[in-house]
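Order of the sequence lines sets the chain letters (A, B, ...), proteins ahead of strands, with each chain counted from 1.
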Protein chains: 2
Amino acid sequence: MDSLTISEVAKQAGINLQTIRYYERQGLLAPSSRTEAGYRIFSSESVWRIRFIKRAQGLGFSLKEIKDLLFLRIDAHTTQADIRKRTQAKIADVEQKIRHLQAIHTSLLRMAQDCSGCGPLKNCPILESLDGKEFV
Amino acid sequence: MDSLTISEVAKQAGINLQTIRYYERQGLLAPSSRTEAGYRIFSSESVWRIRFIKRAQGLGFSLKEIKDLLFLRIDAHTTQADIRKRTQAKIADVEQKIRHLQAIHTSLLRMAQDCSGCGPLKNCPILESLDGKEFV
DNA sequence: GTAAGCCCTGTACCTAGGTATAGAGTCAAG
DNA sequence: CTTGACTCTATACCTAGGTACAGGGCTTAC
């Protein structure tokens, strides 16, 4: 009752069947065994693992980083501190992305504020900004 | 003196030569003419246009959106209001991305704070979060 | 025993924004 | 008149994260 076919896993995890095979190729997931005919057999743990992957992706981890996390987890020498360190690196990463987007946001806002929304196009301050006449 | 070869444009705009041909294929840029031998001839305006593209990219516009902006600009019926509207749509887009990253940031921070950084791995609150036992 | 509905592998395709390579033609200097 | 630097097109390759399809093999119910 704990042995699932690939389509059952896909359905339970809410994921495309092809994606499961893709994760297997990427080394993120493996069937616990195969039938004589070569059919993949998964345990319900695989469903958890896919959910883990999806949550971590949602938090901005790449598949490669997630794979690292999974292997860290399996490694007997890994400590909570290791996992915490990865998480803190990812926090710094996300903070960096936010700062970048905020700089973009500021520039766009300034451009839109400078523009009255009327007047001839050739005097459009937004396009002038993009032309680099006064914008860094 | 206003007619440049592709490699001169590439050098002046600080961009890869192949990228210029790529932009041409994408309809973002075109040589003003060709020599008899088929060599592209650019005007120095192309250098400005590439800078425009690079600035707009830096502000989070995709090449497709930039192409739209360029065509808007050429269209005689376009007004400042049209350009302003695009810019405001992009502002909303950037704000959305910032909100998403901030939600990620909050979750990651909470996970890291819950984790003392010591203790056995099997009790790691970060991994528990990712396992979905208490985390949305 | 056969048809539907699974499953397998391998390969190609997709977006986005390029970069690289192959094979051929052109141009200018010595 | 040849050599090296430049250009052309076409095609392949790259990351990231998948998705789709072709051609075949199981399995199960009728």
### Query
Can you name the residues that form a salt bridge (Lys or Arg N to Asp or Glu O under 4.0 Å) with Glu24(B), not counting sequence neighbours?
Arg34(B), Arg40(B)
### Query
dC26(D) phosphate, OP1 or OP2: any side-chain N/O from Arg34(A) under 4.0 angstrom?
no
### Query
Taking OP1 and OP2 of dG18(C), is either one under 4.0 Å from a side-chain nitrogen or oxygen of Tyr23(B)?
yes
### Task
Identify which nucleotide among dG17(C), dG17(D), dA20(C) has an atom closest to any side-chain atom of Asn16(B), counting heavy atoms from C-beta outward.
dA20(C)
### Query
Of Lys54(B) and Thr35(B), whose nearest nucleotide on DNA chain C comes first from the 5' end?
Lys54(B)
### Query
Does any N or O donor sit under 3.5 Å from an N or O acceptor when you compare the side chain of Tyr39(B) with the base of dG25(C)?
yes
### Message
For a 4.5 angstrom cut-off between non-hydrogen side-chain atoms, does Tyr39(A) reach Ile6(A)?
### Response
no
### Query
In whole angstrom, what separates Lys11(B)'s NZ from dA5(D)'s P?
14 Å
### Task
Using whole Å, report how far NZ of Lys64(B) lies from P of dG17(C).
11 Å
### Message
Using the side-chain heavy atoms of Ile6(A), tell me which of these nucleotides is nearest: dC7(C), dC8(D), dT26(C).
### Response
dC7(C)
### Message
Given dC8(C), dT19(C), dC27(C), identify the nucleotide with an atom nearest to the side chain of Arg21(A).
### Response
dC8(C)
### Query
Are OP1 or OP2 of dA16(D) and a side-chain N or O of Gln57(A) less than 4.0 angstrom apart?
no
### Value in whole Å for how far the P atom of dT19(C) lies from CD of Glu24(B)
16 Å
### Check: Arg51(B) and Lys54(B) side chains under 4.5 Å, non-hydrogen atoms
no
### Message
How many whole angstroms separate atom CG of Leu17(A) from atom P of dC21(D)?
### Response
14 Å
### Query
How close or far is atom C1' of dC13(D) from atom OH of Tyr22(B), stated in whole angstroms?
14 Å
#### Entry: Atom-pair distance (CD on Glu8(B); P on dA5(D)), nearest Å
17 Å
### Task
Indicate, yes or no, whether a donor-acceptor pair under 3.5 Å links the base of dT21(C) to the side chain of Gln18(B).
yes
### Message
With nearest nucleotide decided by heavy atoms, which residue, Thr5(B) or Thr19(A), maps closer to the 5′ end of DNA chain D?
### Response
Thr5(B)
### Task
Would you check if the side chain of Arg84(B) reaches a backbone N or O of Thr79(B) as a donor-acceptor pair within less than 3.5 Å?
no
### Query
Under a 4.5 Å cut-off applied to non-hydrogen side-chain atoms, are Lys67(A) and Leu63(A) in contact?
no
### Query
Arg40(A) near the nucleic acid: base, sugar-phosphate alone, or nothing, with a heavy-atom cut-off under 4.0 Å?
sugar-phosphate
### Message
Distance check needed: dT26(C) P versus Glu36(B) CD, whole Å only.
### Response
11 Å
### Summary
To the nearest angstrom, the CD1-C1' distance between Ile20(B) and dC6(D) comes to 14 Å
### Task
Scan Ile41(B) against the nucleic acid and name what it touches under 4.0 Å (heavy atoms): base, sugar-phosphate only, or nothing.
nothing
